[in-house]
Amino acid sequence: MGRSSFVSVICALVFAGCVAKAPEAARAKEGLLRAAASVSVEQRGAAPAAAPGAPEEDAAGVHEAEEEDDEVDDGPELPAEPGAGTAARSPLAAMTEAQIEELLLKDPAALGPMSVGPTNAGALFNAIRMPEGERWELVDPNHAWGTRETVDALERAIAEVHRQFPGSPKLYIGHISARDGGYLSPHKSHQAGRDVDISYFLDAQHRWYQRATAANLDRERTWAFVRALITETDVELILIDSSVQRLLKEHALKIGEDKAWLDDIFQFGSRKPRPLIRHARGHASHIHIRFYNPIAQESAARAYPLLVKHKAIKPRTYYVRHRVKKGQTLGWLARRYGTTVEAIKRANGLRSSLIQARRVYNIPRRGGPAAPQALHHITVPARRLPPPRAADASLPERHRPVRPGEAGPGLGG
């Protein structure tokens, strides 16, 4: 394999988003919420399974962005680095299957939110809608559903910006997931309540999906937000166009952030492996965030057989890969895989019915929700924190963390 092919493969792999009635149910739910609030670990999901009986060349794999794609924020998550991180624990782990089934039938909300399967072939159970807030605006409230961990992490990062810059303008929050997860147009991810599209902080004329440029980007607030995502939440990846990465990295260096740390988290200007902030075309107009949800995913792994048994989660869309041979058409692919031409076009961002020989295309399939493989013993990498000097002494006062006992600036509107 040549160098360019190897790099393409690596890039493709990287990108792959109530109240209880009975006292026992209430206690279970309270346990879930307490556990979710105290969790400070990260985790990764699993890749979608191959279609039953699919030939080797069509085995499920990562998505390759088509030239026409507006979104390339999807694809299976890579496994965590061996031996790194902290194990996640769901309160459901202490319950028997019979106890979980009883709650599922009598009071399913008591089981808490669950992120089922990978973000590009998953489902969402007991979803929580991102609330309305003074610091953000929901662009599409009907598709702003996530897990408790996703909602809390997003609120925490936004609050940190307002701690540093009281009176900051609102951010626009776009799609998270549908209420039950699953396919959400135009994305291939956003299926399991862990992906969020959100605006940059821009100038006074800011509107949703406006492109960030050197002229309108509020570097201070946007960097404060991105930095909070990395240091204060369990974030798996952040997709930002390289042109905006350059502006943010230059600003971070200017205010004294550690260069080695920035090289580790930014893809722009660095050759470090597995950066947290990665380039994706189409993300100069918004940031795509994917959070780890250790509690929601561990709970899903524990309850998955029962969710399927009682049809509590809907069939999901998953993808297989097909390398086109000479003479094959979209109609032929649709007949072979039991799907439609329009579904294949949507899955690959195609505006016409023309396909190219020797090119790999994503073929959407429908089936039972993907089993959350490799989630029963979750370990996730630690947060990538800057060295103490960059996190404290080298930053201007308004950027420094407030130490216990110190009076910090109040949270502004």
For [X] versus [Y], what's the shortest heavy-atom pair and its separation?
{"X": "Gly193", "Y": "Ser177", "value": "N-OG, 2.9 Å"}
{"X": "Trp136", "Y": "Pro131", "value": "NE1-O, 2.7 Å"}
{"X": "Leu124", "Y": "Gly181", "value": "CB-N, 3.6 Å"}
{"X": "Glu298", "Y": "Ser90", "value": "CG-CB, 3.5 Å"}
{"X": "Ala312", "Y": "Leu104", "value": "CB-CD1, 4.3 Å"}
{"X": "Ala300", "Y": "Ser115", "value": "CB-O, 3.3 Å"}

Rounded to the nearest 0.5 Å, what separates atom [atom1] in [X] from atom [atom2] in [Y]?
{"X": "His162", "Y": "Gln164", "atom1": "NE2", "atom2": "CD", "result": "11.0 Å"}
{"X": "Ile240", "Y": "Phe268", "atom1": "CD1", "atom2": "CZ", "result": "12.5 Å"}
{"X": "Met114", "Y": "Tyr304", "atom1": "CE", "atom2": "OH", "result": "13.0 Å"}
{"X": "Asp140", "Y": "Met130", "atom1": "CG", "atom2": "CE", "result": "14.5 Å"}
{"X": "His283", "Y": "Ile238", "atom1": "NE2", "atom2": "CD1", "result": "12.0 Å"}
{"X": "Ile355", "Y": "Ile344", "atom1": "CD1", "atom2": "CD1", "result": "7.5 Å"}

Looking at [X] and [Y], would you say the former's side chain and the latter's main chain have a donor-acceptor pair under 3.5 Å?
{"X": "Arg302", "Y": "Met95", "value": "yes"}
{"X": "Arg383", "Y": "Thr233", "value": "yes"}
{"X": "Ser270", "Y": "Gln267", "value": "no"}
{"X": "Asp258", "Y": "Ala260", "value": "yes"}
{"X": "Gln191", "Y": "Asn120", "value": "yes"}
{"X": "His279", "Y": "Ser242", "value": "yes"}
{"X": "Ser199", "Y": "Leu171", "value": "no"}
{"X": "Asn348", "Y": "Asn362", "value": "yes"}

| said: Once ring pair (Phe, Tyr, Trp, His ring centres under 6.0 Å) is applied, do any residues pair with Tyr200, and if so which ones, sequence neighbours excluded? | reply: none

| Gln99 atom CD, neighbour heavy-atom count above 12 within 6.0 Å | yes

| task | Tell me, yes or no, whether the heavy-atom count around Arg179 atom CZ, taken from other residues, nucleotides or ligands under 6.0 Å, exceeds 12. | result | no

What pairs with [X] under salt bridge (charged side-chain N to carboxylate O under 4.0 Å, His left out), at least two apart in sequence or on another chain?
{"X": "Glu250", "result": "Arg246"}
{"X": "Lys272", "result": "none"}
{"X": "Arg211", "result": "none"}
{"X": "Arg219", "result": "none"}

| query | Passes side chain to side chain contact (heavy atoms under 4.5 Å, CB included), Glu149 versus Ile295? Steps please. | reply | CA-CA 8 Å; Glu149 289 154 286; Ile295 294 298; 3.5 Å; yes

| said: Test side chain to side chain contact (heavy atoms under 4.5 Å, CB included) on Leu154 and Ile198; report intermediate values, then the result. | reply: CA-CA 10 Å; Leu154 202 55; Ile198 193 166; 4.1 Å; yes

Using side-chain heavy atoms (C-beta onward) and a distance below 4.5 Å, is [X] in contact with [Y]?
{"X": "Asp241", "Y": "Arg281", "value": "no"}
{"X": "Leu248", "Y": "Phe266", "value": "yes"}
{"X": "Trp145", "Y": "Ile176", "value": "no"}
{"X": "Ser189", "Y": "Arg290", "value": "yes"}
{"X": "Val324", "Y": "Tyr361", "value": "yes"}
{"X": "Leu138", "Y": "Pro141", "value": "yes"}
{"X": "Pro169", "Y": "Arg221", "value": "yes"}
{"X": "Leu202", "Y": "Gln210", "value": "yes"}

Note: [X]-[Y] ion pair, threshold 4.0 Å (strictly below):
{"X": "Asp264", "Y": "Arg384", "value": "yes"}
{"X": "Arg227", "Y": "Glu257", "value": "yes"}
{"X": "Arg135", "Y": "Glu132", "value": "no"}

| Parallel, tilted or perpendicular: rings of Trp208 and Tyr172 (30°, 60°) | tilted

| query | What residues form a side-chain contact (heavy atoms from CB on, under 4.5 Å) with Lys309, not counting sequence neighbours? | reply | Glu101, Leu306

| message | Centroid separation under 6.0 Å, is that true for the rings of Phe201 and His206? | response | no

| task | Take Tyr209 and His286, measure what side chain to side chain contact (heavy atoms under 4.5 Å, CB included) needs, and give me the verdict at the end. | result | CA-CA 6 Å; Tyr209 231 67; His286 67 286; 3.6 Å; yes

| remark: Tested for side chain to side chain contact (heavy atoms under 4.5 Å, CB included) against Lys249, the lone hit among Val244, Ile265, Asp263 is Asp263

| field | side chain to side chain contact (heavy atoms under 4.5 Å, CB included) between Asp152 and Thr147, worked out | value | CA-CA 9 Å; Asp152 286 352; Thr147 67; over 6 Å; no

